[in-house]
Chemist: 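Please see the structure below; I have some questions.
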Number of protein chains: 2
Amino acid sequence: MALGKDYATQECSIARALEVVGERWTLLVVRDALYGVRRYNDFLVHLGIPRAVLSARLRTLTEEGILEKRRYQEAPPRDEYVVTDRGAALWPVLRALGQWGRDHVDASRLRIFRHADCGGTVESYGMCDACGTLVPVSDVVMVPGPELDSAPADPVSRALLRPKRLLEPLETDPGQHVD
Amino acid sequence: MALGKDYATQECSIARALEVVGERWTLLVVRDALYGVRRYNDFLVHLGIPRAVLSARLRTLTEEGILEKRRYQEAPPRDEYVVTDRGAALWPVLRALGQWGRDHVDASRLRIFRHADCGGTVESYGMCDACGTLVPVSDVVMVPGPELDSAPADPVSRALLRPKRLLEPLETDPGQHVD
DNA sequence: CACCGTAGGTTCGTTCATTGAACCAATTGC
DNA sequence: GCAATTGGTTCAATGAACGAACCTACGGTG
């Protein structure tokens, strides 16, 4: 099957990477997973992705070892999807894409990433502009930027308005749902 | 049109970027353009991409200001596609993807990127491991790694076997074509 | 016990994108 | 006059994405 994921003729690690994470929606699922989203329904409402596509992406990301599916309660059976180290290693890719998007598509500052240890800003390549170190994902705190919608419709976006350390599970607020 | 390129609900510069360069083949076309490929036929044989898709990608990349189409001879009319600054700014994205591909998909060293000024290796985020500076794309020299096929079928891959400064036009060798 | 709500999916018909093969056009070299 | 080169377009077939509907398993409420 020449269509879809494989770039047969390419002898290149960029092509290898894109075969795994280059499909539509895949990198946005990984982004949400790094932001702490873990549950099927949270991905669903936050991404606005068709259910069938989300199921397919979660399955292949799990097979590829980027997410790990694990049961967090037995009755009723409920699973969550957690990023692995391999998934967390995609952070520089997402950082680079976000930087390019901000610089060359849309200048607004939607989210700001801070180094938890020193308070500096994590810029282009995942480096802290204050202390100059390469900040691991787990030491990054995401805070809303000035131009982020302050009253979004879905509960996941609302939960992401609070300062949030990456990788830690997101706690949605089921209390204030909208009709 | 909800299908295809837009991620309507996403308020995120990663999604903005993916709307522009997230389609199938697009980032590989940009990669080739950074490697110095400029002509329709060179993209075609090197990527193994369907002609209709290549035409579509070259058109949208030109419209987005990532490539610039320009006439290099009048009779017969011939155009080439050259990366703009906006396109060159995607270098960190490609570097990050390539790094992840090498680290987490396929461990082989296919290409090595060297800093022209100091001879160091350009690693993960486009930084030189010897002098520590962020190397601009135009100062990067690509050399074949030990595991790259040393006798590829298409002339573009053969031309890319020679050490090659990025962004500079690729000179294919029309002499030794294969049947 | 009937019924609703929630979480996590699958199924299915329609629409859109990708593919590969064929065709087209302008010009140079023989 | 004829083939080759370069840079495309067109078209039928196939695959992927979309959105709506449906399904399962449980818990809570009246």
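Naming convention: chains lettered A, B, ... in sequence-line order (proteins, then strands); numbering from 1 in each chain.
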Chemist: Measure from the side chain of A:Arg39, starting at C-beta and using heavy atoms only, and say which of C:dT27, D:dG7, C:dG8 lies closest.
Modeler: C:dG8

Chemist: Taking atom C1' of D:dA17 as reference, at what distance in whole Å does atom CD of B:Glu23 sit?
Modeler: 13 Å

Chemist: In whole angstroms, how far is the P atom of C:dT10 from the CG atom of A:Asn41?
Modeler: 14 Å

Chemist: Could you check whether the rings of B:Phe113 and B:Tyr35 sit parallel, tilted or perpendicular, using 30° and 60° as the cut-offs?
Modeler: tilted

Chemist: Which of the following nucleotides, C:dT11, C:dT19, D:dA25, is nearest to the side chain of B:Ala52?
Modeler: C:dT19

Chemist: Distance from A:Ser157 atom OG to B:Glu11 atom CD, nearest 0.5 Å?
Modeler: 7.5 Å

Chemist: OP1, OP2 of D:dA16 versus side-chain N and O of B:Arg24: anything below 4.0 Å?
Modeler: no

Chemist: For B:Leu47 and C:dT19, what is the distance between atoms CG and P respectively, to the nearest whole Å?
Modeler: 11 Å

Chemist: Strictly below 4.0 Å: does B:Arg78 bring a side-chain N or O up to OP1 or OP2 of D:dT5?
Modeler: no

Chemist: OP1, OP2 of D:dA17 versus side-chain N and O of B:Tyr7: anything below 4.0 Å?
Modeler: no

Chemist: With nearest nucleotides of DNA chain D determined for B:Ala56 and A:Val53 from heavy-atom distances, which residue corresponds to the more 5′ nucleotide?
Modeler: B:Ala56

Chemist: Rounded to whole Å, how long is the line connecting atom CZ of A:Arg57 with atom C1' of C:dG9?
Modeler: 16 Å

Chemist: Do the charged groups of A:Arg39 and A:Asp79 touch, with an N to O distance under 4.0 Å?
Modeler: no

Chemist: Would you verify whether the NZ or CZ of A:Arg95 falls within 45 degrees of the ring axis of A:Trp91 while also being under 6.0 Å from that six-membered ring's centre?
Modeler: yes

Chemist: Taking CD1 from B:Ile49 and P from C:dT19, how many angstroms apart are they, rounded to a whole number?
Modeler: 7 Å

Chemist: At less than 4.0 Å, is any side-chain N or O atom of B:Arg51 found next to OP1 or OP2 of C:dC23? Yes or no.
Modeler: no

Chemist: Taking 4.0 Å as the cut-off, does a side-chain nitrogen or oxygen of A:Tyr81 come that near to OP1 or OP2 on C:dG9?
Modeler: yes

Chemist: Compare side-chain N and O positions of B:Tyr40 against OP1 and OP2 of D:dT9 and report whether any pair is under 4.0 Å apart.
Modeler: no

Chemist: Rounded to the nearest 0.5 Å, how far does CZ of B:Arg162 lie from CG of B:Leu160?
Modeler: 9.0 Å

Chemist: Just call it for B:Tyr72: base, sugar-phosphate, or nothing, with non-hydrogen atoms closer than 4.0 Å on any strand.
Modeler: sugar-phosphate

Chemist: Can you tell me how far P of D:dA16 sits from CZ of A:Arg59, to the nearest Å?
Modeler: 13 Å

Chemist: How close or far is atom P of C:dA7 from atom CD of A:Gln73, stated in whole angstroms?
Modeler: 10 Å

Chemist: If you compare every side-chain N and O of B:Ser55 against the phosphate oxygens of D:dT9 (OP1, OP2), does one of them come in below 4.0 Å?
Modeler: yes

Chemist: Roughly, in whole Å, what's the span from CH2 in B:Trp25 to P in C:dA17?
Modeler: 18 Å

